[in-house]
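Presented below is the structure to which this report refers.
Note that this is a predicted model, so its numbers are computed, not measured. All values below were derived from every heavy atom in this structure, side-chain atoms included, with hydrogens, water molecules and symmetry-related copies excluded. Each chain gets a letter, A, B and so on, in the order its sequence line appears, and its residues count up from 1.
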Amino acid sequence: MSNSPVRVRFAPSPTGYLHVGGARTALYNYLFAKHHGGEFILRIEDTDQARSTEESMQMQINDLAWLGLKWQEGPDSISLIDVGPHGPYRQSLRLSIYKEHAEKLLADGLAYHCFMTDDEIEVQRKESLRLGKPPQVNSPYRDWPLAKALEHKEKGHKASVRFKVRTKKDHVLPDLVRGEVTFPSDMVGDFVMLRSSGMPVYNFCCAIDDALMKISHVFRAEEHLSNTLRQMMLYEAFHYELPKFGHLSIILGSDRQKLSKRHGATSCFEYAQNGYLPEALNNFVALLGWSSPEAQEILSMEEMINQFSYERLNSSPAVFDEQKLSWVNATHLRALPAEELWRRVEPFLTEAGLVMPKDPAWRERALNTLKTSMTNLKDAVELFRPLNEAPVPVKEDAREVLSWPTTKIVIEAWKTGVEKFNSEYMEESDFLKLQDSIKEGLGVKGKHLFQPVRVAVIGTPQGTELKMLVPLLNKKLLIARAEHVLQHMEKGPT
RNA sequence: GUCCCCUUCGUCUAGAGGCCUAGGACAACUCCCUUUCACGGAGUAGACACGAGUUCGAAUCUCGUAGGGGACGCCA
């Protein structure tokens with residue numbers, strides 16, 4: 001390990017929500033930085049003006065913040081104002097830096113103006129492909145003297161600036177996760193640094209920024225592997241020190257294709273919406289391509305930071321397994337202290353219009369009995385619905401139960417029993433005792449006993465077990481609900 | 001088409017030449033707990049892509065084949 005300070009970055013392009021693959025890349029960088037007491041930097045790669053938006057940038061930042069991956073340098077998560085000594089951290093604000101660099105290469109003869117049109121490029125490409133060669137561009141402007149090109153440009157001809165790929169030699173990249181990767185000499189052709197609009201291009205900005213921001217290690221997705229060759233050439237041209245690279249395997253869908261929208265949820269935001277915990281998503285995604293030396297499956301952020309090392313990064317692609325995510329989520333969720341769990345569940349209940357008792361002790365009791373049925377926060381909605389502090393509507397599927405001749409007396413006996421009870425909440429054993437006494441008193445048993453009581457409590461004969469639910473419903477509510485059902489019966493079948 | 005990367009149970013993985021009759025986790029299945037479910041507990045089944053080589057010995061090293069993925073953009 002070199003003794004220069006560890007500085008890593010996550011560099012998303014703001015085109016939509018943060019993808020889970022991006023989240024994993026960000027996480028690994030974050031874990032690596034934290035493990036080594038280094039810095040984690042956020043840089044926004046927004047040089048594609050057509051696709052980058054301000055909203056997307058805010059979305060990505062929100063998602064990162066939700067995951068709890070805090071950066072030390074980059075746009076502030078709320079004000080978006082750059083923080084840190086190596087800014088600006090948005091590439092669209094660094095244009096003059098790129099321009100200077102391009103001019104230097106131009107002056108040194110390491111780059112040239114290219115006046116080729118899209119059509120000309122397309123023709124060349126097709127021809128190369130036809131000949132079984134990599135579709136590279138051979139620009140006729142490659143050897144124009146700078147002065148001549150400038151003059152031509154002056155006359156209003158649009159030019160891109162291309163890097164002049166010189167001496168063909170193999171480049172060897174000592175990759176942190178793949179070992180030595182050898183790029184053959186002619187893998188890339190003269191690539192564009194500056195678009196004809198003057199806007200720089202990814203590979204160019206990325207290399208310059210990583211160097212200027214003193215990035216020590218770059219962990220990024222495998223699809224950048226071939227870009228690395230271009231960036232290495234740029235580093236060489238500028239005499240900048242090359243950071244260490246580690247190329248991460250990509251994440252696949254269940255059909256072993258690159259994970260995309262058609263596989264379902266792929267953005268962190270969707271997982272947040274669906275009731276997944278950030279700690280669970282981090283944990284799950286970390287295990288897609290990395291393993292704990294202790295073979296631990298459930299890890300907190302702390303534990304991941306402590307145990308992280310790139311040596312345990314896996315180079316083969318991993319399939320995103322929704323089922324395992326659910327398990328990881330459920331496990332984290334059930335381990336949360338009641339107070340914290342409630343804080344997370346509450347927005348979902350509120351959104352569903354449910355009103356719950358304020359008493360923290362009640363909340364803890366409710367959570368403890370219901371959380372074993374939850375895999376995500378959203379599950380709480382249906383689980384807590386019967387506990388809503390409002391009368392429950394009598395559901396359609398209760399019709400048959402209500403038509404039984406003994407139903408009315410069972411519900412009346414139930415109501416009377418509840419009324420006689422003298423504390424606010426029944427215990428499970430109280431409930432069972434009451435149920436038994438109704439059975440003996442009326443001689444009604446089986447479904448003719450349970451189902452009417454269930455309807456009296458939750459308005460439907462189906463649902464969570466009563467002995468779990470009843471102790472969570474206060475006496476007043478139980479009576480109100482029983483009365484509500486009795487009134488409903490009075491009105492007769494409708 | 002060319003180049004690069006990858007290949008252990010269905011899935012995520014452990015595995016750095018003998019500790020491997022290949023270990024763990026999710027999922028599946030069975031049983032136990034439970035008057036249903038869930039939680040929990042105990043089990044069962046399930047993999048080194050193929051073929052050559054190197055070696056006393058190969059999941060581990062080398063080469064080939066096949067399959068998969070990625071890249072070849074004035075996208076990132």
Side-chain angles (χ1 to χ4, degrees), chain A residues 11-15 22 45-52 91 114 116-118 121-122 125 128-137 158-162 173 175 177-179 181-189 191-203 205-206 220-230 247 249-250 252 254-258 284-298 311-312 314-328 330-331 334 368-375 379 383 432 446 450 462-465 467-468:
Chain A
S13 57
T15 55
E45 311 224 314
D46 56 351
T47 53
D48 184 351
Q49 290 176 302
R51 295 198 305 156
S52 300
Q91 291 183 330
C114 175
M116 286 176 84
T117 64
D118 288 348
I121 293 169
E122 195 48 37
R125 207 167 257 135
S128 302
L129 226 36
R130 200 181 61 78
L131 295 170
K133 291 195 292 195
Q136 292 168 359
V137 167
K158 288 268 181 199
S160 62
V161 176
R162 285 183 187 274
L173 173 73
D175 192 277
V177 352
R178 277 155 216 280
V181 178
T182 305
F183 300 110
S185 53
D186 54 356
M187 196 166 156
V188 297
F191 54 91
V192 170
M193 293 164 20
L194 255 38
R195 298 173 170 95
S196 48
S197 66
M199 200 46 134
V201 135
Y202 167 75
N203 278 300
C205 301
C206 183
R220 52 160 38 157
E222 184 195 334
E223 63 236 40
H224 291 293
L225 199 47
S226 58
N227 284 327
T228 308
L229 174 56
R230 295 185 181 83
H247 287 93
S249 59
I250 51 163
L252 270 25
S254 48
D255 56 357
R256 299 210 139 263
Q257 302 288 306
K258 194 174 175 182
F284 170 70
V285 121
L287 261 17
L288 250 30
W290 175 80
S291 59
S292 143
E294 263 108 88
Q296 215 177 316
E297 300 279 338
I298 299 295
E311 279 95 351
R312 298 192 69 83
N314 208 119
S315 55
S316 50
V319 173
F320 192 91
D321 181 5
E322 214 85 36
Q323 282 182 314
K324 185 156 182 183
L325 205 211
S326 287
W327 173 76
V328 173
T331 308
R334 288 172 198 145
N368 283 141
T369 75
L370 296 178
K371 73 179 177 187
T372 56
S373 307
M374 293 169 61
T375 60
D379 291 338
L383 257 10
L432 293 174
F450 306 134
Q462 314 294 330
T464 313
E465 210 181 347
K467 69 178 185 191
M468 312 294 286

Checking B/rC72, B/rG24, B/rC74 against the side chain of A/Glu297 (C-beta onward), the nearest is B/rG24
Just call it for A/Gln323: base, sugar-phosphate, or nothing, with non-hydrogen atoms closer than 4.0 Å on any strand.
-> sugar-phosphate
Has A/Arg195 got a side-chain N or O lying under 4.0 Å from the OP1 or OP2 atom of B/rA76?
-> yes
Using atom CD of A/Glu223 as one end and atom P of B/rG70 as the other, report the distance to the nearest whole Å.
-> 9 Å
Using the P atom as the reference point in each nucleotide, state the distance between B/rU44 and B/rA25 in Å, no decimals.
-> 12 Å
For the pair A/Ser128 and A/Gln136, evaluate side chain to side chain contact (heavy atoms under 4.5 Å, CB included) and give the outcome as yes or no after the intermediate values.
-> CA-CA 7 Å; A/Ser128 302; A/Gln136 292 168 359; 5.7 Å; no
Within this structure, what is the CZ-to-P distance between A/Arg230 and B/rC75, rounded to whole angstrom?
-> 13 Å
Could you tell me whether the side chain of A/Asn227 has a donor or acceptor atom within less than 3.5 Å of a complementary atom in the base of B/rA76?
-> yes
Once you round it to whole Å, what is the distance between P of B/rA76 and CD of A/Gln91?
-> 8 Å
Would you tell me if any nitrogen or oxygen in the side chain of A/Thr47 comes within less than 4.0 Å of OP1 or OP2 on B/rA76?
-> yes
Please determine, for the side chain of A/Gln136, which listed nucleotide (B/rC5, B/rC72, B/rA14) has the closest atom?
-> B/rC72
Reckon A/Lys371 touches a base, only the sugar-phosphate, or nothing at all at heavy-atom distances under 4.0 Å?
-> nothing
Euclidean distance for C1', B/rG43 against B/rC61 (whole angstrom) | 39 Å
Below 4.0 Å: OP1/OP2 of B/rC74 and any side-chain N or O of A/Arg162 = yes
Identify whether any heavy atom of A/Leu129 sits under 4.0 Å from a base atom; if not, whether one sits that close to sugar-phosphate; answer base, sugar-phosphate or nothing.
-> base
A/Asp46 CG to B/rC75 P, in whole Å, measures 14 Å
Is there a side-chain polar atom (N or O) of A/Arg125 under 4.0 Å from OP1 or OP2 of B/rG73?
-> yes
Scan A/Ser128 against the nucleic acid and name what it touches under 4.0 Å (heavy atoms): base, sugar-phosphate only, or nothing.
-> nothing
Interatomic spacing from CZ in A/Phe284 to CD in A/Glu322 - rounded to 0.5 Å | 7.5 Å
Mind calculating the distance between CG (A/Asp255) and P (B/rG69) to the nearest angstrom?
-> 9 Å
Which part of the nucleic acid, if any, lies within reach of A/His247 when heavy atoms closer than 4.0 Å are counted: base, sugar-phosphate only, or nothing?
-> nothing
So, is A/Arg312 close to the B/rG15 phosphate, meaning a side-chain N or O under 4.0 Å from OP1 or OP2?
-> yes
Could you give the distance separating B/rU11 and B/rA28 at their P atoms, to the nearest angstrom?
-> 16 Å
Nearest-angstrom distance, P atom, B/rU54 to B/rC12 = 34 Å
A/Ser13 side-chain N/O to A/Thr15 backbone N/O, donor-acceptor pair under 3.5 Å | no
So what's B/rG1 paired with, Watson-Crick or G-U wobble, going by both distances under 3.5 Å?
-> B/rC72
In whole angstroms, the gap separating P of B/rA38 from CG of A/Asn368 amounts to 19 Å
A/Glu322 CD to B/rC26 P, straight-line distance once rounded to whole Å = 17 Å
Just call it for A/Ser226: base, sugar-phosphate, or nothing, with non-hydrogen atoms closer than 4.0 Å on any strand.
-> sugar-phosphate
Which part of the nucleic acid, if any, lies within reach of A/Met468 when heavy atoms closer than 4.0 Å are counted: base, sugar-phosphate only, or nothing?
-> nothing
Could you tell me whether A/Ser197 contacts a base, only the sugar-phosphate backbone, or nothing, with contacts defined as non-hydrogen atoms closer than 4.0 Å?
-> nothing
Watson-Crick or G-U wobble partner for B/rA66, using a 3.5 Å limit on both distances?
-> B/rU7
What nucleic acid atoms does A/Glu45 come within less than 4.0 Å of, heavy atoms only: base, sugar-phosphate, or nothing?
-> sugar-phosphate
B/rC74 phosphate, OP1 or OP2: any side-chain N/O from A/Arg51 under 4.0 angstrom?
-> no
Minimum heavy-atom separation for A/Ser254 to A/Val319, with atom names?
-> CA-CG1, 3.9 Å
Donor/acceptor link under 3.5 angstrom from A/Ser196 side chain onto base of B/rC74 | yes
Remember a base hit wins even if backbone is also touched, and classify A/Ala295 as base, sugar-phosphate or nothing at under 4.0 Å, heavy atoms.
-> nothing
Return the nearest nucleotide to the side chain of A/Pro317; candidates are B/rA14, B/rC6, B/rC74.
-> B/rC6
Of all the choices, B/rA38, B/rA76, B/rC5, which nucleotide is nearest to the side chain of A/Ser373 once you look at every atom?
-> B/rA38
Just call it for A/Pro184: base, sugar-phosphate, or nothing, with non-hydrogen atoms closer than 4.0 Å on any strand.
-> sugar-phosphate
Taking atom P in both B/rU21 and B/rC31, what distance in whole Å separates the two?
-> 33 Å
From the options B/rU11, B/rA14, B/rC39, select the nucleotide whose nearest atom is closest to the side chain of A/Val319.
-> B/rU11
Tell me which nucleotide among B/rG70, B/rC74, B/rC26 gets nearest to the side chain of A/Asp321.
-> B/rC26
Send over the distance from A/Gln296 CD to B/rC26 P, rounded to a whole Å.
-> 14 Å
Which one, B/rC39, B/rA76, B/rC72, comes nearest to the side chain of A/Pro135?
-> B/rC72
Measure from the side chain of A/Val201, starting at C-beta and using heavy atoms only, and say which of B/rC26, B/rA71, B/rA76 lies closest.
-> B/rA76
Is there a side-chain contact between A/His224 and A/Tyr202 (heavy atoms, below 4.5 Å)?
-> yes
Which listed nucleotide (B/rG68, B/rU7, B/rC4) is nearest to the side chain of A/Gln257?
-> B/rG68
Hey, is CD on A/Glu122 packed in by over 12 heavy atoms from elsewhere, all under 6.0 Å?
-> yes
Using atom C1' of each nucleotide, how far apart are B/rG57 and B/rC19 to the nearest Å?
-> 14 Å
Side chain to side chain contact (heavy atoms under 4.5 Å, CB included) assessment of A/Val192 paired with A/Val137 = CA-CA 10 Å; A/Val192 170; A/Val137 167; over 6 Å; no
pair_partner(B/rA47), Watson-Crick or wobble, both distances < 3.5 Å, evaluates to none
Taking C-beta and beyond as the side chain, do A/Cys205 and A/Glu45 meet within less than 4.5 Å on heavy atoms?
-> no
Rounded C1' spacing from B/rU34 to B/rC39 in Å | 10 Å
Closest approach of A/Ser373 to A/Asp379 (non-hydrogen atoms, all atoms of both residues) | O-OD2, 4.4 Å
Candidate nucleotides B/rU13, B/rA76, B/rC39, ranked by approach to the side chain of A/Asp48 - the nearest = B/rA76
Non-hydrogen side-chain atoms of A/Gln91 and A/Ser52 separated by less than 4.5 Å = no
Distance between C1' atoms of B/rG10 and B/rA45 (Å, rounded) | 12 Å
